[in-house]
Amino acid sequence: MTISADELLTTTRSVRKRLDLTRPVPMELVRECLELALQAPTGGNAQLWHWIVVTDPGKRKAIGEYYARSWNAYYGSGSSARSLFRDDPVRAAAQERVSDSAAYLAEHLGEVPVHVIGCMTVPAGLPEGNQAGLWGSLLPAAWSFMLAARARGLGTAWTTLHLAYESEVAELLELPADVRQGVLLPTAYYTGETFRPARRQPLDEVLHVDRW
């Protein structure tokens with residue numbers, strides 16, 4: 001598919017309900033996306049990232065069960081997307097849609113044909129305080145993977161809820177002790193034709209020049 005850079009950046013959405021749970025995704029296509037992701041910036045050019053591609057049905061099912069357990073706790077806490085902006089009818093309606101799609105993903109994550117888990121090696125353990133420098137060396141690459149997937153007719157979603165069970169997933173996938181997970185990207189072909197830009201806050205409401 002041919003798509004301009006601007007369209008790619010404005011229509012790469014977190015895809016949940018429209019993930020095709022029945023159509024296999026060729027590993028070659030996933031590798032293409034990851035090859036592009038490896039061109040993303042990384043602190044000190046250290047390239048400490050690792051990518052776990054999970055296609056085994058049993059392992060995907062197990063990860064899905066951990067994810068659903070985490071979603072249920074998150075939703076039950078009252079801090080999920082549905083609870084935000086209740087005093088704004090327009091934004092509240094959008095939050096309802098996001099919450100519904102998130103609940104759908106929690107129910108079906110184990111059926112998504114490919115799970116891509118972005119990890120970092122941290123031999124000295126996670127640093128105290130602000131960790132932006134560490135995860136800033138992984139997350140741009142994960143976003144690049146999502147963009148590359150979108151350009152190839154694949155849908156993805158940015159998820160981290162499985163990290164409540166990070167150690168259990170690490171054991172399931174036999175990860176070394178110095179490897180920490182940062183993001184889980186369920187990946188599949190998407191249904192329907194295309195995507196459109198999402199409603200966002202006006203730039204002038206969040207833009208600050210020289211001072212707050």
Side-chain angles (χ1 to χ4, degrees), residues 1-20 23 25-43 45-53 81 84-85 88 90-91 93-102 104-105 109 112-120 131-163 181-210:
M1 61 188 298
T2 301
I3 185 170
S4 70
D6 285 2
E7 183 180 359
L8 183 67
L9 290 167
T10 55
T11 63
T12 299
R13 309 259 61 87
S14 280
V15 185
R16 304 180 185 95
K17 286 187 174 181
R18 289 176 56 186
L19 294 173
D20 190 332
R23 185 178 175 186
V25 177
M27 180 60 73
E28 293 78 10
L29 207 54
V30 177
R31 289 180 60 91
E32 280 185 22
C33 297
L34 287 173
E35 289 280 6
L36 292 170
L38 295 187
Q39 294 297 315
T42 172
N45 197 33
Q47 303 177 60
L48 298 177
W49 46 43
H50 286 271
W51 307 91
I52 317 301
V53 179
L84 303 178
F85 311 115
D88 182 333
V90 174
R91 295 195 72 177
Q95 295 306 114
E96 289 281 351
R97 292 192 295 272
V98 169
S99 185
D100 286 346
S101 67
Y104 177 89
L105 181 63
L109 180 70
V112 179
V114 176
H115 295 177
V116 176
I117 302 178
C119 303
M120 290 279 288
Q131 296 182 4
L134 173 68
W135 297 113
S137 290
L138 172 69
L139 302 188
W143 176 235
S144 289
F145 175 86
M146 295 178 71
L147 293 170
R150 165 80 175 103
R152 287 160 175 76
L154 298 174
T156 58
W158 189 283
T159 69
T160 57
L161 281 176
H162 84 289
L163 294 176
Q181 301 162 59
V183 63
L184 166 61
L185 305 169
T187 302
Y189 285 101
Y190 59 80
T191 61
E193 294 300 317
T194 188
F195 298 92
R196 62 177 182 270
R199 182 188 296 272
R200 294 292 192 239
Q201 292 175 265
L203 174 60
D204 286 335
E205 291 184 8
V206 296
L207 172 64
H208 311 275
V209 180
D210 293 334

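Residues: numbered from 1 along the sequence shown.
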Please report the shortest heavy-atom distance between Arg150 and Thr194, naming the atom on each side. NH2-OG1, 3.3 Å

For Ala149 and Thr156, the nearest pair of non-hydrogen atoms, with its separation, is CB-CG2, 3.8 Å

Note: Ala188 and Val25 closest approach over all heavy atoms is CA-CG2, 3.8 Å

Pairwise side-chain contact, Leu38 with Gln47, heavy-atom cut-off 4.5 Å (strictly under): no

For residues 26-33, tabulate all N or O donor-acceptor pairs below 3.5 Å that involve a side-chain atom, not counting sequence neighbours.
unit_1	atom_1	unit_2	atom_2	d
Glu32	OE1	Arg152	NE	2.8

Can you tell me how far CE of Met120 sits from CG of Leu48, rounded to the nearest 0.5 angstrom? 5.0 Å

When you measure from the side chain of Thr191 to the backbone N and O of Asp20, does any donor-acceptor pair fall under 3.5 Å? no

Which distance, rounded to the nearest 0.5 Å, do you find between the CG of Leu8 and the CD1 of Ile3? 5.0 Å

Interatomic distance, CG@Leu147 vs CG@Leu36, rounded to 0.5 Å, equals 10.0 Å

Between Val53 and Thr187, is a side-chain contact (heavy atoms from CB on, under 4.5 Å) present by the stated rule, with each step listed? CA-CA 10 Å; Val53 179; Thr187 302; over 6 Å; no

About how many Å separate CH2 of Trp51 and CD1 of Ile117, when rounded to the nearest 0.5 Å? 11.5 Å

What distance separates Ile52 CD1 from Cys119 SG, expressed to the nearest 0.5 Å? 4.5 Å

Of all the heavy-atom pairs spanning Ala40 and Ser144, show the shortest one and how long it is. CB-OG, 3.9 Å

Using the ring of Phe195 (Phe, Tyr or Trp, six-membered ring only), decide whether Arg13 places NZ or CZ under 6.0 Å from its centre and within 45 degrees of its axis. no

Between the CH2 atom in Trp143 and the CG atom in Leu9, the distance rounded to the nearest 0.5 Å is 7.0 Å

So Leu109 and His115, side-chain contact (heavy atoms from CB on, under 4.5 Å) or not? Walk me through it. CA-CA 9 Å; Leu109 180 70; His115 295 177; 3.9 Å; yes

Between Thr10 and Pro197 (side chain of the first, backbone of the second, donor and acceptor by atom type, cut-off under 3.5 Å), is there such a pair? no

Ignoring hydrogens and geometry, is there a side-chain-to-backbone donor-acceptor pair from Arg16 to Tyr104 under 3.5 Å? no

Could you check whether atom CD of Glu35 has more than 12 heavy atoms from other residues, nucleotides or ligands sitting under 6.0 Å from it? no

Ignoring hydrogens, what is the shortest heavy-atom contact between Trp158 and Leu185? Give both atom names and the distance. CA-CD2, 4.1 Å

Shortest non-hydrogen contact from Val15 toward Gly155: CG2-CA, 3.9 Å

